[in-house]
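Heads up: the structure comes next, in C-alpha cells.
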2 protein chains.
Amino acid sequence: MVTQLPEEYRQAPFDETCAPRRLLRLFSGKWTTMILHTLHLMGGGSRPGQLLRNIPGLSKKMMTQTLRELEQLELVEREVRQVMPPKVEYRLTKLGEVFIEPIEMLYTWGTLHEAELSQVAAASKALSRSALS
Amino acid sequence: MVTQLPEEYRQAPFDETCAPRRLLRLFSGKWTTMILHTLHLMGGGSRPGQLLRNIPGLSKKMMTQTLRELEQLELVEREVRQVMPPKVEYRLTKLGEVFIEPIEMLYTWGTLHEAELSQVAAASKALSRSALS
DNA sequence: CTGCATCCTGGGCGATACTG
DNA sequence: CAGTATCGCCCAGGATGCAG
C-alpha cells in the first residue's frame with residue numbers, strides 16, 4: 001500500500017500560471033463571485049440599485065469597482081440609457097456565463113454542507129473564547 | 001416571457017452568514033486551498049519541506065501561518081516527532097477531507113476550462129497595453 | 001439614480017534574520 | 001529541518017462627499 005509517493009515520482013508542483021491558480025485569482029475579490037452570481041440569478045439585465053439591495057454589505061464603491069474590472073475582463077456588459085434619471089443595466093456576457101458554473105457549484109456545495117461549515121465556525125469560536133482568558 | 005421578476009418577488013438576498021459566504025471566507029486566504037489540496041494530493045502525512053517545494057511562491061512564513069489557522073479550524077492535524085532533525089507531519093482531519101471536495105471541483109473545473117481562463121487573461125492584457133499609451 | 005474622486009485604515013502578505 | 005519574530009509595504013476595501 002503506497003501511502004506516499006517518493007519525491008521523484010510526485011506530480012509536478014503547481015506553477016503560478018496554472019489554471020487552478022488563475023481561477024483562484026479571478027475569484028479572489030471579495031465581491032466578484034457574489035456579483036456574478038446575482039447577475040445570473042436575476043436573469044437578463046440588472047440595475048445597480050438592485051444589485052446593491054441584493055448583496056448585503058456591498059458598498060456602492062466596491063460594486064462599481066468590481067463591475068468595472070469584470071467589464072474589462074469582458075465577463076460583464078454595461079448598457080447605458082441616456083435619460084433622466086439615468087438607467088443602466090449590467091448583464092453577463094457569453095464568456096461571463098461560463099464562469100457561473102463553478103460559482104454555482106461552490107455555492108450549492110456550501111448550502112448542502114452547512115453542517116460542516118458550522119463545525120468550522122464552532123472551532124474558530126472556541127478558539128477566540130479561550131484566547132480571551 | 002419574464003426577463004426580470006418584480007422587486008417584491010425576487011429571492012431574499014444573501015446575508016452575511018449564509019453558507020456560500022462562509023465558504024468563501026474560509027477559502028479567502030491566498031494559500032488555504034492550495035495547501036489543503038496538496039495535503040490531499042500527497043496522501044497520508046506531509047512534511048513541511050514537501051509542501052513548500054510543491055507550492056511555488058509559498059513562503060515558509062505563510063505556510064506555517066496558514067497551517068496554524070487550519071489547525072485551529074480543525075481541518076488539519078499536526079504530528080510532531082521529537083528527534084534530530086525534527087520530523088513533523090501534517091495531515092487532513094476527517095473534517096478537512098470534507099472540504100477537499102469543493103476544492104477539487106474548482107481545480108478540475110479550472111483545468112478543463114483553460115481556454116476560457118486564457119480569454120480572460122487576454123482581455124486583461126489588452127487592457128493594460130492600451131493603458132500604457 | 002448612477003458614478004467618480006478622495007482620503008484613510010487594517011491587515012494580508014512578503015523579505016529577512018534568528019533559534020533549536 | 002522546522003518554526004518564530006520583526007519590519008514594512010502595499011492595496012483591498014470602507015466612509016464620505018460631489019457631479020450629471
Side-chain angles (χ1 to χ4, degrees), chain A residues 4 7 14 16 21 24-36 38-39 42 45-73 76-91 124 127-128 131, chain B residues 4 6-7 14 16 21 24-36 38-39 42 45-73 76-91 124 128 131:
Chain A
Q4 185 167 317
E7 190 80 355
F14 300 58
E16 308 263 3
R21 286 211 189 187
L24 287 180
R25 255 172 286 149
L26 181 59
F27 288 171
S28 64
K30 182 172 179 181
W31 305 104
T32 312
T33 63
M34 280 187 270
I35 286 181
L36 291 176
T38 305
L39 284 177
M42 311 222 295
S46 306
R47 310 203 37 204
Q50 298 175 336
L51 259 56
L52 223 41
R53 265 173 275 119
N54 280 282
I55 308 182
L58 176 57
S59 72
K60 219 186 330 182
K61 180 201 167 189
M62 288 317 294
M63 178 183 64
T64 29
Q65 180 173 316
T66 308
L67 282 169
R68 291 295 164 275
E69 293 167 7
L70 293 173
E71 246 183 286
Q72 301 186 345
L73 298 176
V76 163
E77 275 175 350
R78 189 165 91 124
E79 182 191 349
V80 193
R81 194 157 312 195
Q82 271 306 1
V83 296
M84 275 302 279
K87 231 170 178 123
V88 180
E89 281 194 356
Y90 292 96
R91 71 184 65 250
S124 68
L127 229 292
S128 41
Chain B
Q4 187 167 316
E7 188 80 355
F14 300 60
E16 309 264 3
R21 286 210 189 187
L24 286 180
R25 253 171 287 147
L26 181 58
F27 288 171
S28 65
K30 182 171 180 181
W31 304 104
T32 313
T33 64
M34 280 187 269
I35 288 180
L36 290 175
T38 305
L39 285 177
M42 310 221 296
S46 306
R47 309 202 36 202
Q50 298 175 334
L51 259 55
L52 224 40
R53 266 173 275 118
N54 280 283
I55 307 182
L58 177 57
S59 72
K60 218 186 329 183
K61 181 201 166 189
M62 288 315 297
M63 178 184 64
T64 30
Q65 181 172 315
T66 307
L67 283 169
R68 292 294 167 274
E69 291 165 4
L70 293 174
E71 247 183 288
Q72 301 186 346
L73 298 177
V76 163
E77 275 175 351
R78 189 165 88 124
E79 182 191 351
V80 194
R81 193 158 312 194
Q82 271 304 3
V83 296
M84 274 303 279
K87 236 180 176 113
V88 179
E89 281 195 355
Y90 292 96
R91 71 185 64 249
S124 68
S128 44

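Labels below follow one simple rule: chain letters A, B, ... track the order of the sequence lines, proteins then strands, and each chain is numbered from 1.
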B:Gln65 CD to C:dA15 P, straight-line distance once rounded to whole Å: 14 Å

Rounded to 10°, tell me the angle between the two end axes of the helix from C:dC1-D:dG20 to C:dG20-D:dC1, each built from five pairs. 30°

Please state how far atom CD in A:Glu79 lies from atom P in C:dC1, giving the value in whole angstrom units. 19 Å

Quick check: do B:Leu58 and B:Met34 have side-chain heavy atoms less than 4.5 Å from each other? no

What is the distance, rounded to the nearest whole Å, between atom CE of A:Met63 and atom P of C:dC4? 10 Å

4.5 Å side-chain heavy-atom contact, B:Met42 and B:Gln50: yes

Ion pair present between B:Glu89 and B:Lys87, side-chain N to carboxylate O less than 4.0 angstrom? no

Looking across every strand, which nucleic acid part, if any, lies under 4.0 Å from A:Arg78 by heavy atom: base, sugar-phosphate, or nothing? sugar-phosphate

Encode nucleotides 14-20 of chain D as B, S and - characters from 5' to 3', where the letter depends on protein heavy atoms closer than 4.0 Å: B to the base, S only to sugar-phosphate, - to neither. BB----B

Integer-rounded Å distance: D:dA2 C1' and B:Leu51 CG: 13 Å

Closest non-hydrogen atom pair between A:Arg78 and A:Val88, with its separation: CG-CG1, 3.9 Å

Is there side-chain contact between A:Leu24 and B:Phe27, with at least one heavy-atom pair below 4.5 Å? no

Just the rounded figure in Å: distance from P of D:dG13 to CD1 of A:Ile55. 13 Å

Side-chain N,O (A:Arg68) to OP1/OP2 (C:dC4) below 4.0 Å: yes

Distance, rounded to the nearest Å, where A:Leu24 contributes CG and C:dG12 contributes C1': 16 Å

Report the distance from atom CG of B:Leu67 to atom P of D:dG3, rounded to the nearest whole Å. 8 Å

Contact under 4.0 Å: B:Arg47 side-chain N or O vs D:dA2 OP1/OP2: yes

Shortest non-hydrogen contact between B:Pro48 and B:Tyr90, atoms and distance: CG-CE1, 3.7 Å

Minimum heavy-atom distance between B:Thr32 and B:Leu26, given as atom pair plus value: CG2-O, 3.7 Å

I want to check something: taking the side chain as every heavy atom from C-beta on, are B:Leu51 and B:Leu67 in contact at a cut-off of under 4.5 Å? yes

Any B:Ile55 side-chain heavy atom under 4.5 Å of A:Arg21 side chain: yes

What's the CG-P distance between A:Leu52 and C:dG3, to the nearest Å? 11 Å

Would you kindly compare A:Ser28 and B:Val80 by the position of their nearest DNA chain D nucleotide and give the one closer to the 5′ end? B:Val80

